[in-house]
*Asks:* 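Sharing a structure, written as structure tokens. Questions coming.
Atom set for the values below is all heavy atoms of this structure, side chains included, hydrogens, waters and symmetry mates excluded.
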Amino acid sequence: MNTYLSTYILQLITAVFRAKLLAAVEHVSALAASEIEIFKFVTDKLAGIEIIHLFIVDLLGRTTATAKIFEQINKEDFKRTRVVTMFSKFIAGAILISMNVLFAYYSVLFGFIQGIIWQRQYVFFINETLEVVWMHFCVPSIVVSAEMRNVIILIEAMID
């Protein structure tokens, strides 16, 4: 009688364990399927980082408090970025180029309607605007970056 009861208990424990294991495998399988879809669009470096992250979460025990804390810290420290496919970039570039061509054509037609005096004033305005941008933004940023390089070289020389 005792062996019959122990056999029954063993079968019951095995059935419970099998059900939990099957549920865990199904959960991980669904998670892996979603991650594989993401890996199709990312570089090898990003995929490797994500695989290492998933591996660490698996080692910590996916549903344990330690794994949840790791996930939370990881979300705070490493912000995820959206991956933009090459097709989307191509479409956006084509839209921008076509809009630029359209607006340039519109400006030429508008200038043709306004006359020569307006065209000269427009060219003068564009020239002045570009000069202001160049003198007040581009040149100072170039000088600052060159000065920063000199400061870095000086600091490194002082450290050595």
Side-chain angles (χ1 to χ4, degrees), residues 21-160:
L21 185 63
L22 186 61
V25 167
E26 287 175 357
H27 174 71
V28 170
S29 178
L31 182 66
S34 68
E35 291 293 331
I36 288 173
E37 287 298 317
I38 294 171
F39 289 160
K40 290 180 182 177
F41 302 110
V42 298
T43 63
D44 291 341
K45 290 179 182 179
L46 292 176
I49 291 170
E50 187 64 24
I51 289 172
I52 290 172
H53 169 76
L54 291 173
F55 178 68
I56 291 172
V57 170
D58 282 339
L59 287 178
L60 293 173
R62 190 161 292 280
T63 58
T64 63
T66 308
K68 291 178 183 176
I69 292 170
F70 176 76
E71 286 280 340
Q72 190 64 32
I73 290 173
N74 197 20
K75 284 180 184 176
E76 290 175 7
D77 290 345
F78 304 105
K79 301 295 181 197
R80 291 187 181 232
T81 58
R82 291 184 57 221
V83 176
V84 181
T85 62
M86 191 56 73
F87 180 73
S88 299
K89 290 178 184 179
F90 176 74
I91 294 297
I95 290 172
L96 285 174
I97 289 172
S98 62
M99 288 176 64
N100 281 334
V101 168
L102 172 73
F103 292 136
Y105 182 69
Y106 178 77
S107 297
V108 167
L109 289 179
F110 190 76
F112 182 71
I113 292 170
Q114 294 297 323
I116 296 291
I117 295 171
W118 183 89
Q119 291 174 12
R120 287 185 180 146
Q121 290 174 346
Y122 183 75
V123 168
F124 178 75
F125 171 74
I126 294 294
N127 185 31
E128 291 296 319
T129 304
L130 290 176
E131 182 179 338
V132 167
V133 169
W134 178 256
M135 295 304 287
H136 293 283
F137 178 73
C138 296
V139 171
S141 65
I142 291 170
V143 170
V144 167
S145 65
E147 285 298 319
M148 285 305 294
R149 279 188 298 234
N150 291 340
V151 168
I152 290 170
I153 290 170
L154 184 64
I155 290 173
E156 287 176 351
M158 288 172 48
I159 291 174
D160 292 338

*Asks:* Show the nearest heavy-atom pair for residues P140 and M135, with the distance to one decimal.
*Replies:*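 Residues P140 and M135, closest heavy atoms: CD-O, 3.4 Å.
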*Asks:* Taking atom CD of E71 and atom CD of E76, what is their separation to the nearest 0.5 Å?
*Replies:* 12.0 Å
*Asks:* Could you go through the side chain to side chain contact (heavy atoms under 4.5 Å, CB included) check for K89 and T85 one step at a time?
*Replies:* CA-CA 6 Å; K89 290 178 184 179; T85 62; over 6 Å; no
*Asks:* Contact between L154 and M158 at the side-chain level, heavy atoms closer than 4.5 Å - yes or no?
*Replies:* yes
*Asks:* Over all heavy atoms of both residues, which pair between T63 and K68 is shortest? Give the atoms and the distance, please.
*Replies:*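 Heavy atoms of T63 and K68 come nearest at O-CE, 3.5 Å.
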*Asks:* May I ask you to decide if A94's main-chain N or O and S98's side chain share a donor-acceptor pair within less than 3.5 Å?
*Replies:*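 The answer is yes, because a donor-acceptor pair under 3.5 Å joins these two groups.
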*Asks:* Within a radius of less than 6.0 Å around CG of D77, do more than 12 heavy atoms belonging to other residues, nucleotides or ligands occur?
*Replies:*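 Above 12, so yes.
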*Asks:* Answer yes or no: does atom CD1 of I117 have more than 12 heavy-atom neighbours from other residues, nucleotides or ligands under 6.0 Å?
*Replies:* no
*Asks:* Can you tell me how far apart CD1 (I126) and CD (E128) are? Round to the nearest 0.5 Å.
*Replies:* 11.0 Å
*Asks:* When you measure from the side chain of T64 to the backbone of L60, do you find a donor-acceptor pair of N or O atoms at a distance under 3.5 Å?
*Replies:* yes
*Asks:* Just how far is it from atom CD of Q114 to atom CD of Q121, taken to the nearest 0.5 Å?
*Replies:* 10.0 Å
*Asks:* If you round to the nearest 0.5 Å, how far is CD1 of I52 from CG of L59?
*Replies:* 11.5 Å
*Asks:* Rounded to the nearest 0.5 Å, what's the gap from CD1 on I56 to CD1 on I51? Could you check?
*Replies:*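 Going from CD1 on I56 over to CD1 on I51, the span is 12.5 Å.
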*Asks:* Between G61 and A67, what is the shortest heavy-atom contact and its length?
*Replies:* O-CB, 3.0 Å
*Asks:* Kindly assign one of parallel, tilted or perpendicular to the pair W118 and F110, based on the angle between their ring planes and the thresholds 30° and 60°.
*Replies:* perpendicular
*Asks:* Tell me, do H53 and F70 make a side-chain contact under 4.5 Å, heavy atoms counted?
*Replies:*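 Yes, close enough: below the 4.5 Å cut-off.
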